[in-house]
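Note that ligands are numbered from 1 as they come in the structure, with each ligand's atoms numbered from 1 the same way. The chain is numbered in sequence order, starting from 1.
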Amino acid sequence: MKTITVRTSSPYDIIIERGSLDICGKFISSTLKSKKTVIITDDIVNNLYAQRLVKSLADYDIQADVFVFPNGEHSKNLNTLSDIYDFLCEKNITRSDFLIALGGGVVGDITGFAAASFLRGIDFVQIPTTLLAQIDSSVGGKTAVDIKGGKNLVGAFKQPALVICDSDVLESLPQTELSCGMAEAIKYGMIRDGNLFELIENHNISDISDVMDELVYTCIDIKRDVVEHDEFDTGERMILNFGHTLGHAIEGWHNYTNYTHGMGVSAGMCIITEKLCSQELSDRLKKCVEKYNLPTNTDAPMNELLPFCSKDKKREFQNINYIICPEIGRAEICKVSVAEFEKLMEG
Ligand code: GLY
């Protein structure tokens, strides 16, 4: 078993252990006192794992009710959130009880925001079941729901009390989900760790599971380091957005349907690297993402993407912050005016 402690304003452990889903009760009962919880999950993960989690909690006398919503980004909204609040009231959840997010990024984000806001804040545990959620969204305390105006526009910083990652559950992931997580793993290599990038480029979508434990640990540890330095995303944490300014725009252009976050990040990283860095680096990055069935470009015309970029949360006043990696393992934050960004991207 490996444990990473995240030393944020409210510190917590991340447990990385194969088979940990069936012994979650042990880890949770040694972190939280309450014997009552609500597990929040989606219909797909509910069928796969919820009963195993309920049993493992019962082994430690923790009583759990399960709230299930339909899988997908379209559920991450204020209506689902309101249904969650009603369910928590029905089950008499108090401030000393806690929530468990069992699922991918959507489940983690909405459960985290429910925990941040219900009764002005209760504890929650993250049990991420996708690669993307294990290495990115379950760590660092960003929680949110989507509104009509855009993705993740209503949210809060709320660190979990505990994160439990079981790499065994990644084996049931559809290949598109694995690819999606690999885009974020490639991002970590690009921004911080040449050895990680090499590990990824020396494998492919069929054999990356051979080194999954090492990959998950290394990515989480990079995120830990970045988040510890800038918990509230006012500086260094922005490097985690490498590929995301264009990536979110491409996802938005596709209406967030039939186009995953990972595909957007992959195309976003490749486009910005091709435009602003060396040919050699750009070719190496493209070759790497292709090994994971990820795109190197987009069909969306740049002039149609730019309006999405200027709505991005990474915008400040009339400026946009974007990230480049001039070499593998090193990221730079660049601040330019929206007009200058448009010129760079159209060039
Ligand atoms: N997913 C980017 C961050 O947590 O800052």
Table please: side-chain donor-acceptor pairs of residues 252-259 below 3.5 Å, with sequence neighbours left out.
{"residue": "W253", "atom": "NE1", "partner": "E304", "partner atom": "OE1", "Å": "2.8"}
{"residue": "T257", "atom": "OG1", "partner": "H254", "partner atom": "O", "Å": "3.0"}

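Scored by the side chain to side chain contact (heavy atoms under 4.5 Å, CB included) test, A185 finds I135, M182, I200, L215, C219 as partners (sequence neighbours excluded).
Side chain to side chain, S266 and Y292 fail the donor-acceptor criterion of an N or O pair below 3.5 Å. A donor-acceptor pair shorter than 3.5 Å can be found between the side chains of D97 and S34.
For a heavy-atom separation below 4.0 Å, the residues in contact with ligand 1 are D136, K142, K223, R237, L240.
For the side-chain contact (heavy atoms from CB on, under 4.5 Å) criterion with V163, the lone passing option out of I127, I14, I220 is I14.
Applying the 4.5 Å side-chain rule to ILVMFWY residues, one finds F232 in the same cluster as F157.
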